[in-house]
Amino acid sequence: MTFMPDNESLFPALLMESNGHPHVMAYYFKQWQGFEMPFHRHDATEIMYTIQGYCEIEVQTEPAHTEKVALKKGEFMIINANVPHRLLVDAANPCRMLNVEFRFIPNKGVYPSIQQLAGEDDLLIALLASEAPYLVLRDGDEVYHIMKSLVLELDKAANKSDLMVQLLITQLLIRIARLWRETVNSGEAQSERYVKISMEYLHQNYDRDIQVKDIAGAVNLHPGYLQRIFKALTGQTLMAYLTGIRMEKAKMLLLETDVPISDICEYIGVGSRQYFHMLFKDYTGLTPTDFRKSMYAEKRNYPKEVRIFDKSETRKLEI
C-alpha cells in the first residue's frame, strides 16, 4: 500500500475548500469477532466508536512505522483521510462498533459552512487544525448518542432532513472538540493515574511472572504508550521498577526470615536462581549469601542495652 502522509491537519480537505460542509460517505453498525482486516485507506475521515467489547486498531503513521491502539467500550478513534489502518478483533473478545466516514465538500444551501462555524468556536477550529494522523478519546455517552441520532436520520432516506443532518454532524464535531480539549487539559493527571495504578499492580503481583503486556492490560493501555509515560514520570522502565521491588523484598527476606536463599527467587517472582543471584549482585553489590552474612554480623554487633537519659534518672532497656 502506498503511504500518503499528511503533516498539515486532522482534516486536510477542510483547508482546501473556502466554503465547505461535512458530507457523510458511509456509516454502519457492525459486530466483529475473530477478524483481521487488511491495511486500507480511503479519502474520508473516519470515526470508529466501540459500543461493546474490545478491539485494536493498527495505524501506519509513517512508511516504516505502525502504532497499535486498544479501544474498549466507550472509546473512539478519529482517523485522518488517506492514513493506512486496519482493525484487529480477537475471536474470544467480540467487539461491536459504530463507524461514520465523512469528508468536506463545497457548501450548498443556506446552512453556514464549517469554516464559518469554526470561526465562532475556538475549540472547533483547534480540532480541525490538529496536527495528528489520528486521535483517541473516551466518551461519556454524549458522542455516541449524537452519532446514533445522525445515522438514524440518514437512514430515513427520502424523508431525511439535510438541515438536521448538518446540525447533528456539527454538534458531533463541536462535542468531540470539547472532549479533546478536556482530555488534553487533564492529560498529565490522567498519565499520573495510569502510572500509580501500574505501581500498585506491581507491588501486588511482584511474585508472579509479569510482562509489560500484563501491566498494560491492568490499566487498559497499549504497552508501548504505558512504557513511555511510566519512563517519563518515574525515570525508570516498568521492568526496572519491578526489579527494584523484587530486590527490596529479597533483602527483607534475607534479613528478617530464615527462608533458604535457594527458595527466595520463588517468593519474588524470579524463576531462575542464577538470574536472581545476578540481579541481586547488580542491585546491592553483594551476593545473597554475603548480604545475609553481613546483616547477621551487624545484628551480633548491636549493643546489649540502651541507656536513655532524662533530667532525673537513668533507665535501662534490655534488648
For the [atom1] atom on [X], are there more than 12 heavy atoms of other groups (residues, nucleotides or ligands in this structure) within a distance under 6.0 Å?
{"X": "Asp122", "atom1": "CG", "answer": "no"}
{"X": "Lys72", "atom1": "NZ", "answer": "yes"}
{"X": "Met37", "atom1": "CE", "answer": "yes"}
{"X": "Arg273", "atom1": "CZ", "answer": "no"}
{"X": "Arg178", "atom1": "CZ", "answer": "no"}

May I have all residue pairs that pass ring-ring contact (aromatic ring centres under 6.0 Å, His included) and include part of residues 231-276, sequence neighbours excluded? His203-Tyr241, Phe230-Tyr241, Phe276-Phe280
Of all pairs that satisfy ring-ring contact (aromatic ring centres under 6.0 Å, His included), the ones with a partner from residues 48-67, not counting sequence neighbours: Tyr49-Phe76, Tyr49-Tyr144
Please report the C-alpha distance between Arg292 and Leu255 in whole Å, then the side-chain angles of each, then the deciding distance to 0.1 Å, and finally whether the side chain to side chain contact (heavy atoms under 4.5 Å, CB included) criterion is met. CA-CA 6 Å; Arg292 177 168 270 177; Leu255 178 61; over 6 Å; no
So which heavy atom on Val89 is nearest to which on Cys55, and how close? CG2-CB, 3.9 Å
Within a strict 4.5 Å, meaning less than it, do heavy atoms of the Met77 and Ile47 side chains meet? no
Side chains of Gln236 and Thr234: donor-acceptor distance under 3.5 Å anywhere? no
With distance as the sole criterion, is a donor-acceptor pair present between the side chains of Asp155 and Tyr27 under 3.5 Å? yes
With sequence neighbours excluded, tell me which residues meet salt bridge (charged side-chain N to carboxylate O under 4.0 Å, His left out) with Glu67. none
Verdict with supporting geometry, Val83 and Gln60, side chain to side chain contact (heavy atoms under 4.5 Å, CB included): CA-CA 7 Å; Val83 173; Gln60 186 179 358; 5.8 Å; no
Salt-bridge test for Arg86 and Glu58: reply yes if a basic N is under 4.0 Å from a carboxylate O, no otherwise. yes
Can you tell me if Gln116 uses its side chain to pair, donor with acceptor, with the backbone of Ser113 under 3.5 Å? yes
Determine whether a donor-acceptor pair (N or O, by modelled atom type, separation under 3.5 Å) exists between the side chain of Thr257 and the backbone of Val259. yes
Step-by-step salt bridge (charged side-chain N to carboxylate O under 4.0 Å, His left out) determination, Arg175 to Glu142: CA-CA 8 Å; Arg175 181 57 201 144; Glu142 290 186 60; 3.4 Å; yes
Tell me whether Leu88 shares a hydrophobic cluster with Met48, the cluster being built from Ile, Leu, Val, Met, Phe, Trp, Tyr side chains joined at under 4.5 Å. no
Are Leu137 and Leu124 grouped together when hydrophobic residues (ILVMFWY) are joined by side-chain heavy atoms under 4.5 angstrom apart? yes
Intermediate values then yes/no, side chain to side chain contact (heavy atoms under 4.5 Å, CB included), Ile79 and Ile57: CA-CA 10 Å; Ile79 304 176; Ile57 313 294; 4.1 Å; yes
